[in-house]
Amino acid sequence: MQLNVTGHHVDVTTSLKGYVEKKLDRIVRHSDHVIDVHCILTVEKLRHKAEATVALSGATVYADATDPNMYAAIDALADKLDRRVKKHKEKLGNHYATRPAIS
């Protein structure tokens with residue numbers, strides 16, 4: 001997985017980048033088809049926003065979260081991405097195969 005963390009009106013420190021990496025490692029545990037993750041951290045007045053785009057094999061998943069605290073926004077973002085990646089994985093495996101008729 002390749003992780004890109006960029007900041008808009010915020011300096012991305014090594015501790016902030018490490019926190020994002022640690023939280024988004026959970027996504028890789030659920031799906032081994034993760035190719036690329038691009039995370040953008042934004043600060044607008046008192047609003048901290050974290051958004052991410054995850055490139056999976058065959059799909060792209062996007063999520064964003066807003067909170068007064070940047071670390072809380074990253075936590076909420078990780079939760080949303082985790083749910084959406086799990087849902088995508090379930091869609092791939094759920095084909096509702098019917099049983100053949102026994103005669």
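Predicted model, so just to flag it, every value in this text is computed and none were measured.
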field: Inter-residue atom distance Asp75.CG - Met70.CE, 0.5 Å rounding
entry: 12.0 Å
message: For a quick test of reading the model, state the closest non-hydrogen atom pair linking Val20 to Cys39 and the distance between them.
response: CG1-SG, 4.2 Å
task: Mind checking salt bridge (Lys or Arg N to Asp or Glu O under 4.0 Å) for Glu21 and listing every partner two or more places apart, or none if nothing turns up?
output: none
task: Could you check if a side-chain atom of Ile27 sits within less than 4.5 angstrom of a side-chain atom of Val34, using non-hydrogen atoms only?
output: yes
task: State, with a plain yes or no, whether a side-chain heavy atom of Val37 is found less than 4.5 Å away from one of Asn4.
output: no
- request: Check whether any side-chain heavy atom of Thr42 sits under 4.5 Å from a side-chain heavy atom of Val10, and report yes or no.
  value: no
- request: Could I get the full list of side chain to side chain donor-acceptor pair (under 3.5 Å) partners for Thr14, not counting sequence neighbours?
  value: none
task: Would you name the heavy atoms of Val43 and His9 that are closest together and state the gap between them?
output: O-CB, 3.6 Å
- prompt: Hey, are the side chains of His38 and Thr6 touching, using non-hydrogen atoms and a 4.5 Å cut-off?
  reply: yes
Shared hydrophobic cluster, Val12 / Ile40 (ILVMFWY, side-chain heavy atoms < 4.5 Å): no
- prompt: How close do Ala63 and Leu81 get, heavy atom to heavy atom, and via which atoms?
  reply: CB-CD2, 3.7 Å
message: Less than 4.0 angstrom from a charged side-chain N to a carboxylate O is my criterion; do Arg47 and Glu44 meet it?
response: yes
query: Do Leu56 and His88 have side chains that get closer than 4.5 Å, going by heavy atoms?
result: yes
query: Which heavy atom of Ala65 sits nearest a heavy atom of Lys80, and at what distance?
result: CA-NZ, 4.2 Å
- request: Kindly indicate whether the side chain of His8, heavy atoms from C-beta on, has any atom under 4.5 Å from the side chain of Leu41.
  value: no
- request: Please name all residues satisfying ring pair (Phe, Tyr, Trp, His ring centres under 6.0 Å) with Tyr62, sequence neighbours left out, ordered by chain then number.
  value: none
- prompt: Any salt bridge between Arg26 and Asp79, counting N to O under 4.0 Å?
  reply: yes
field: Ala72 versus Asp67, closest heavy-atom pair with distance
entry: CB-OD2, 3.3 Å
message: Is it the case that over 12 heavy atoms from other parts of the model lie below 6.0 angstrom from the CG atom of Asp11?
response: no
query: Would a 4.5 Å heavy-atom cut-off, applied to side chains only, mark Leu3 and Leu24 as touching?
result: yes
